[in-house]
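Everything on this sheet refers to the single structure shown next.
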Amino acid sequence: MKSILFAGLLAAAPLAAVAAPENYVLDSSHSQIVFSYNHLGYSTGYGMFSGFEGEISYDAEDPAASSVEVSFPVRSMLTGWEARFEHFMSDDFFGAADDSEMVTFTSTGIEVTGDDTALITGDLTLNGVTKSVVLDATLNQAGDHPMEGKPWLGFFATTTLVRSEFELGMFAPYVSDEVEVEISVEAMKAE
């Protein structure tokens, strides 16, 4: 009986290996987070984070079993104007004097909504406050990278953050409390 059970486990082992999640690391050179907000009704302000690192555990057979984790210093923000950057880093907003103030996102659940879409729920820590947020995500492409010759993933996601929920509500509602976020990332199979 033991030998039949053992043989059955061995036969099932290759199937389990195929279905196991695979680890990917973000391609920092092709991953960006762009945010926008309404400035007094006159214009739309933009900022970006780029060059950050993160990990994706991707299960192609069961995408709901996948996960993502990203972390980067808030001072890696790009605004296109040094005075605006310094204002965002001031005590009016982040109070970030050095790179110790981090932005982190850790997924807590994934709801598959279509062949290549999902809602990714996770804990976002911003300005020392952690809130649950939902990313509306699309898998752009999964396959071998034509130049790198190894498995690659591409994702796009959006969400809306209410900045006052993260104690960043200075000048709201004149400067919009809602911040639109677009995320575009590429990830390569971990070695």
Side-chain angles (χ1 to χ4, degrees), residues 24-56 67-108 117-141 145 147-148 152-188:
Y24 286 76
V25 294
L26 293 188
D27 173 4
S28 298
S29 66
H30 294 101
S31 296
Q32 298 86 29
I33 300 170
V34 177
F35 62 90
S36 62
Y37 55 92
N38 182 290
H39 185 258
L40 306 171
Y42 293 109
S43 67
T44 301
Y46 293 92
M48 180 173 79
F49 293 94
S50 187
F52 51 88
E53 297 179 357
E55 297 179 1
I56 297 172
S67 63
V68 60
E69 190 169 323
V70 177
S71 179
F72 52 89
V74 72
R75 288 192 65 87
S76 65
M77 180 189 297
L78 304 169
T79 66
W81 190 44
E82 188 64 24
R84 181 177 298 116
F85 170 80
E86 291 303 334
H87 189 206
F88 284 166
M89 296 304 120
S90 77
D91 288 340
D92 282 351
F93 294 98
F94 290 98
D98 57 35
D99 282 348
S100 64
E101 181 72 31
M102 300 295 286
V103 177
T104 63
F105 177 83
T106 303
S107 63
T108 56
T117 59
L119 297 175
I120 302 173
T121 301
D123 290 333
L124 173 66
T125 300
L126 182 64
N127 199 35
V129 177
T130 302
K131 297 279 184 186
S132 181
V133 300
V134 178
L135 306 179
D136 190 351
T138 300
L139 171 63
N140 297 329
Q141 184 166 283
H145 191 286
M147 291 174 273
E148 299 294 333
W152 217 264
L153 302 171
F155 292 95
F156 179 76
T158 61
T159 194
T160 301
L161 302 178
V162 178
R163 59 189 180 93
S164 60
E165 292 181 351
F166 295 92
E167 299 178 13
L168 295 166
M170 182 68 81
F171 308 120
Y174 307 107
V175 176
S176 62
D177 201 14
E178 290 190 344
V179 176
E180 302 300 324
V181 180
E182 294 185 355
I183 303 163
S184 181
V185 297
E186 293 185 27
M188 66 192 91

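Keep in mind the model is a prediction, meaning the values are calculated, not measured.
Here the closest non-hydrogen pair linking E101 and N127 is OE2-CA, 3.2 Å. The minimum heavy-atom distance linking S50 with S28 is given by the pair OG-O, 4.4 Å. Of all the heavy atoms in F155 and N140, the pair that sits closest is C-ND2, 3.5 Å. Nearest heavy atom pair, residue H145 against residue M147, reads ND1-N, 3.0 Å.
Between S31 atom OG and E53 atom CD the span is 10.5 Å, to the nearest 0.5 Å. Of the inter-residue distances, the one linking I183 atom CD1 with I120 atom CD1 reads 8.5 Å to the nearest 0.5 angstrom. Put simply, CZ on R84 and CG on L78 are 12.5 Å apart, with the number rounded to the nearest 0.5 Å.
Not counting sequence neighbours, Q141 has no partner by the side-chain contact (heavy atoms from CB on, under 4.5 Å) test. Every residue two or more places apart in sequence or in another chain that forms a ring-ring contact (aromatic ring centres under 6.0 Å, His included) with F72 is listed here: F49, F52. Under the side-chain contact (heavy atoms from CB on, under 4.5 Å) criterion, T44 pairs with S36, Y46, not counting sequence neighbours. Listed by chain and residue number, V25 satisfy the side-chain contact (heavy atoms from CB on, under 4.5 Å) test with E55 (two or more places apart in sequence, or in another chain). Under the rule for a side-chain hydrogen bond (donor to acceptor under 3.5 Å, both in side chains), S90 has no partner lying at least two apart in sequence or in another chain. Applying the side-chain hydrogen bond (donor to acceptor under 3.5 Å, both in side chains) test to D98 and every residue at least two apart in sequence or in another chain returns S100. Under the side-chain contact (heavy atoms from CB on, under 4.5 Å) criterion, T108 pairs with T121, D123, sequence neighbours left out. Taking the side-chain hydrogen bond (donor to acceptor under 3.5 Å, both in side chains) definition, one finds that D92 meets it with H87, sequence neighbours left out. H30 pairs by the ring-ring contact (aromatic ring centres under 6.0 Å, His included) definition with nothing, not counting sequence neighbours. Annotation: side-chain hydrogen bond (donor to acceptor under 3.5 Å, both in side chains) contacts of H39 (sequence neighbours excluded): none.
In this pair, Y37 and F88 present their aromatic rings perpendicular. The plane angle is above 60°, beyond the 30 to 60° band.
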Test side chain to side chain contact (heavy atoms under 4.5 Å, CB included) on L40 and F171 and set out the steps. CA-CA 9 Å; L40 306 171; F171 308 120; over 6 Å; no
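For the pair W152 and D27, the minimum side-chain heavy-atom distance is below 4.5 Å. By the 4.5 Å heavy-atom criterion applied to side chains, F94 and L126 are counted as neighbours. Taking 4.5 Å as the limit, some side-chain heavy atom of V103 sits within range of a side-chain heavy atom of L124.
The backbone N or O of W81 sits less than 3.5 Å from a side-chain atom of T79, completing a donor-acceptor pair. No donor-acceptor distance shorter than 3.5 angstrom exists from the side chain of D99 to the backbone of P73, with no hydrogens or angles considered. A donor-acceptor distance shorter than 3.5 angstrom exists from the side chain of T159 to the backbone of V134, with no hydrogens or angles considered.
Environment of CD in E69: sparse, with no more than 12 heavy atoms of neighbouring residues, nucleotides or ligands closer than 6.0 Å. For F156, the CZ atom counts as densely surrounded, since its 6.0 Å shell holds more than 12 non-hydrogen atoms of other residues, nucleotides or ligands.
Inspection of the T104 and S71 side chains reveals no N or O donor paired with an N or O acceptor under 3.5 Å.
F35 pairs with exactly one of M77, R163, M48 by the side-chain contact (heavy atoms from CB on, under 4.5 Å) rule, that one being M77.
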Quiz: residues 175-182 side-chain donor-acceptor pairs under 3.5 angstrom, not counting sequence neighbours:
{"from": "S176", "atom 1": "OG", "to": "N38", "atom 2": "N", "distance (Å)": "2.8"}
{"from": "S176", "atom 1": "OG", "to": "E178", "atom 2": "O", "distance (Å)": "3.0"}
{"from": "D177", "atom 1": "OD1", "to": "S164", "atom 2": "N", "distance (Å)": "2.9"}
{"from": "D177", "atom 1": "OD1", "to": "S164", "atom 2": "OG", "distance (Å)": "3.2"}
{"from": "D177", "atom 1": "OD2", "to": "S164", "atom 2": "OG", "distance (Å)": "2.7"}
{"from": "E180", "atom 1": "OE1", "to": "T160", "atom 2": "OG1", "distance (Å)": "2.8"}
{"from": "E180", "atom 1": "OE2", "to": "T160", "atom 2": "OG1", "distance (Å)": "3.4"}

